[in-house]
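Taking it in order: structure first as structure tokens, then the write-up.
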Amino acid sequence: MHQGRQGDEGRLRPGRSRVGTSRASPPKLPPTERLHPRADELDLLSIRSVVRRLHDEDLAAIRAVRPSLPAVTEAATAVADALRAGGRLLYVGAGTSGRLGVLDASECPPTFGVPPSRVQAAIAGGRRALTRAVEGAEDDLEAGATAVRAFKAGPKDVVCGISASASTPYVLGALREAKRRGAHTVLVCCNPPGAESVADTVVLARTGPELVAGSTRLKAGTATKLILNAMTTAAFVSLGKVYRGRMVDVRPANAKLRARAARMVAELTELPPGDASKLLEAAGGEVKLALAMHFTGLDAKEARKRLDAKGLRALSPSGRRGARRRRPGALR
């Protein structure tokens with residue numbers, strides 16, 4: 001895409017132009033493809049100055065997410081409703097966007113104790129695209145639809161397309177197929193979507209031009225990561241996967257997580273570490289069940305029944321006191 005031959009025509013300061021040259025971005029380019037007004041002399045700056053300028057853009061990415069919070073809330077609610085009903089969250093994306101979807105999907109099982117089948121991701125070009133560019137994969141409309149068919153997506157599911165440009169054919173094909181199958185569709189993007197979008201929920205972070213024009217792994221990628229973090233974390237918190245700021249459904253699959261699990265039980269029960277470890281062992285390593293056993297005085301089998309019926313917050317001493325003060329209509 002033509003940005004002007006700066007090497008031949010001389011470097012210009014932002015906001016200035018000369019007759020016969022075009023410093024302004026072509027009007028039809030999407031915002032993330034345009035030239036940043038502070039980027040013209042980027043290659044003349046010291047490394048320290050480049051780093052500081054990139055950091056300024058990171059802060060701009062955070063600010064860009066804030067106006068999208070109502071849409072993030074809507075998407076997170078749809079995800080929570082789908083998971084509660086036995087459905088799934090299915091990500092589809094290409095390039096950086098696809099890798100961010102794979103990252104978020106892979107982090108949900110260890111963090112929230114959900115089976116990997118409940119949050120899945122497809123990336124244009126397949127597994128090979130996780131570590132290297134697969135040229136042309138993102139342009140395949142039918143491949144996106146095929147990915148959704150492979151998921152066997154249906155009305156219980158949320159299919160979330162991730163596309164900084166809002167126009168990636170692979171993502172658009174996936175969302176159209178998801179819509180046809182009755183799934184709730186979400187589009188996370190950094191450019192306003194066109195008429196071809198079929199998303200039920202559009203989460204738009206207007207990050208604008210990148211310091212390196214078109215390199216959406218920068219500001220757009222940062223904003224996208226923030227949105228996915230918020231969407232899944234809020235959904236799982238609402239599903240009872242977090243208690244008093246702790247990941248109580250964590251699967252203690254390694255030494256670090258086992259130590260964290262024992263520490264959580266000790267902190268939340270105020271038991272000595274040795275007693276907390278014994279309680280955790282009696283609960284089969286499940287932090288939430290160990291807490292339910294402590295709060296109710298029941299054995300594992302009966303505590304699990306109570307936990308499934310009421311949730312951990314209702315079983316805790318503070319939760320039981322708070323239940324009497326709960327306002328009508330407040331979330332349980």
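Hydrophobic side-chain contacts under 4.5 Å tie Val50 into a cluster, directly or through other members, with Leu42, Leu45, Leu54, Leu211, Val212, Leu218. In the hydrophobic clustering, where aliphatic and aromatic side chains (Ile, Leu, Val, Met, Phe, Trp, Tyr) are joined below 4.5 Å either directly or transitively, Leu141 groups with Leu172. With a 4.5 Å cut-off between side-chain heavy atoms of Ile, Leu, Val, Met, Phe, Trp and Tyr, the cluster of Val102 takes in Ile123, Leu130.
Here the side chain of Lys288 pairs a donor or acceptor atom with the backbone of Gly240 at under 3.5 angstrom. Judged by distance alone, with hydrogens and angles left aside, the side-chain atoms of Glu74 form no donor-acceptor pair with the main-chain N or O of Thr201 at under 3.5 Å. The main-chain N or O of Glu210 is never found under 3.5 Å from a side-chain atom of Lys219 such that the two would form a donor-acceptor pair. Of the possible donor and acceptor atoms, none in the side chain of Arg260 sits under 3.5 Å from a partner among the backbone N and O of Pro252. Without hydrogens or angle criteria, Thr233 side chain to Ala230 main chain gives no donor-acceptor distance under 3.5 Å. Judged by distance alone, with hydrogens and angles left aside, the side-chain atoms of Asp249 form no donor-acceptor pair with the main-chain N or O of Lys241 at under 3.5 Å. Proximity of a side-chain donor or acceptor of Arg217 to a complementary backbone N or O of Gly95 within less than 3.5 Å is not detected. Checked by atom type and distance alone, the side chain of Gln120 pairs as donor or acceptor with a backbone atom of Ser117 at under 3.5 Å. In this structure, the side chain of Thr77 engages the main chain of Thr73 through a donor-acceptor pair within 3.5 Å. No donor-acceptor pair under 3.5 Å is formed between the side chain of Arg118 and the backbone N or O of Pro116.
For the side-chain contact (heavy atoms from CB on, under 4.5 Å) with His294, the qualifying choice from Leu289, Leu315, Leu279 is Leu279, the only one to do so. In summary, of the residues considered (Thr146, Val198, Val159, Val148), a side-chain contact (heavy atoms from CB on, under 4.5 Å) with Glu177 occurs for Val148 alone.
Taking both residues in full, the closest heavy atoms of Asp200 and Ala183 are given as OD2-O, 3.8 Å, listed atom of the first, atom of the second, then distance. Scanning both residues, Val202 and Ala71, for their nearest heavy atoms gives O-CB, 3.3 Å. Minimum heavy-atom separation, Cys190 to Thr207: CB-OG1, 3.4 Å. Taking each heavy atom of Ala199 and Thr185 in turn, the nearest pair found is CA-OG1, 3.3 Å. Residue Ser97 comes nearest to Ala164 through the heavy atom pair OG-N, 3.6 Å, listed as atom of the first residue, atom of the second, then distance. For the residue pair Ala235 and Ala76, the shortest heavy atom distance occurs at CB-O, 3.6 Å.
Both Met231 and Val119 are assigned to one and the same hydrophobic cluster, defined by single-linkage of ILVMFWY side chains at heavy-atom distances under 4.5 Å. The hydrophobic cluster containing Ile227 also contains Val79, counting ILVMFWY residues as joined when their side-chain heavy atoms lie under 4.5 angstrom apart, directly or transitively. A single hydrophobic cluster is seen to contain both Met247 and Val265, as judged by linkage of ILVMFWY side chains at heavy-atom distances under 4.5 Å, directly or through other members. Put simply, Phe295 and Leu271 are part of the same group of oily side chains (I, L, V, M, F, W, Y) that touch within less than 4.5 Å, one to the next. Under the 4.5 Å side-chain heavy-atom criterion for Ile, Leu, Val, Met, Phe, Trp and Tyr, Leu268 and Leu312 are members of the same hydrophobic cluster.
Under the 4.5 Å side-chain criterion, counting only non-hydrogen atoms from C-beta, Val188 is in contact with Cys160. At a threshold of 4.5 Å between non-hydrogen side-chain atoms, the residues Lys225 and Leu103 count as touching. Here the side chains of Pro155 and His184 are not in contact, with every heavy-atom distance at 4.5 Å or above. Counting heavy atoms from C-beta outward, Ile162 and Leu228 have side chains that approach closer than 4.5 Å. At a threshold of 4.5 Å between non-hydrogen side-chain atoms, the residues Leu59 and Arg63 count as touching. Side-chain contact between Arg88 and Val158 is absent, with no heavy-atom pair separated by less than 4.5 Å. By the 4.5 Å heavy-atom criterion applied to side chains, Arg206 and Pro192 are counted as neighbours. Leu83 is listed as a side-chain neighbour of Phe236, based on a closest heavy-atom distance under 4.5 Å.
Counted within 6.0 Å of CD on Glu281, heavy atoms from surrounding residues, nucleotides or ligands total 12 or fewer; the atom is thus considered open. In this structure, Arg128 places its CZ atom where only 12 or fewer heavy-atom neighbours from other residues, nucleotides or ligands lie under 6.0 Å away. Counting non-hydrogen atoms of other residues, nucleotides and ligands closer than 6.0 Å to CZ of Arg251 gives a total above 12. For Lys310, the NZ atom is loosely surrounded, since the number of other residues' heavy atoms within 6.0 Å does not exceed 12. Other residues, nucleotides and ligands contribute only 12 or fewer heavy atoms inside 6.0 Å of the CZ atom of Arg52.
Note that CG of Leu291 and CZ of Arg313 are 11.0 Å apart. Values are rounded to the nearest 0.5 Å. Rounded to the nearest 0.5 Å, atoms OH (Tyr91) and OG (Ser106) are 10.5 Å apart. The CG atom of Asp157 sits 5.0 Å away from atom CG of Leu90, with the distance rounded to the nearest 0.5 Å. Separation of atoms CZ (Arg304) and CE (Met293) is listed at 9.5 Å; rounding is to 0.5 Å. Here CG of Leu280 is found 10.0 Å from OG1 of Thr269. Values are rounded to the nearest 0.5 Å. Considering CG of Leu187 and OG1 of Thr168, their distance stands at 9.0 Å, rounded to 0.5 Å.
For the residue pair Thr232/Asp104, the side-chain donor-acceptor check at 3.5 Å is satisfied.
Electrostatic pairing of Glu142 and Arg176 does not count as a salt bridge here, judged by no charged N lying under 4.0 Å from a carboxylate O. Salt-bridge formation is detected for the pair Arg84/Asp81: a Lys NZ or Arg NE/NH1/NH2 atom is positioned less than 4.0 Å from an Asp or Glu carboxylate oxygen.
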Working for side chain to side chain contact (heavy atoms under 4.5 Å, CB included), residues His36 and Glu57 | CA-CA 11 Å; His36 195 289; Glu57 293 299 294; 3.1 Å; yes
Evaluate side chain to side chain contact (heavy atoms under 4.5 Å, CB included) for Ser163 paired with Tyr170, printing each intermediate quantity in order.
-> CA-CA 9 Å; Ser163 169; Tyr170 178 86; over 6 Å; no
Leu239 and Val114: side chain to side chain contact (heavy atoms under 4.5 Å, CB included), yes or no, with the steps?
-> CA-CA 11 Å; Leu239 293 171; Val114 296; over 6 Å; no
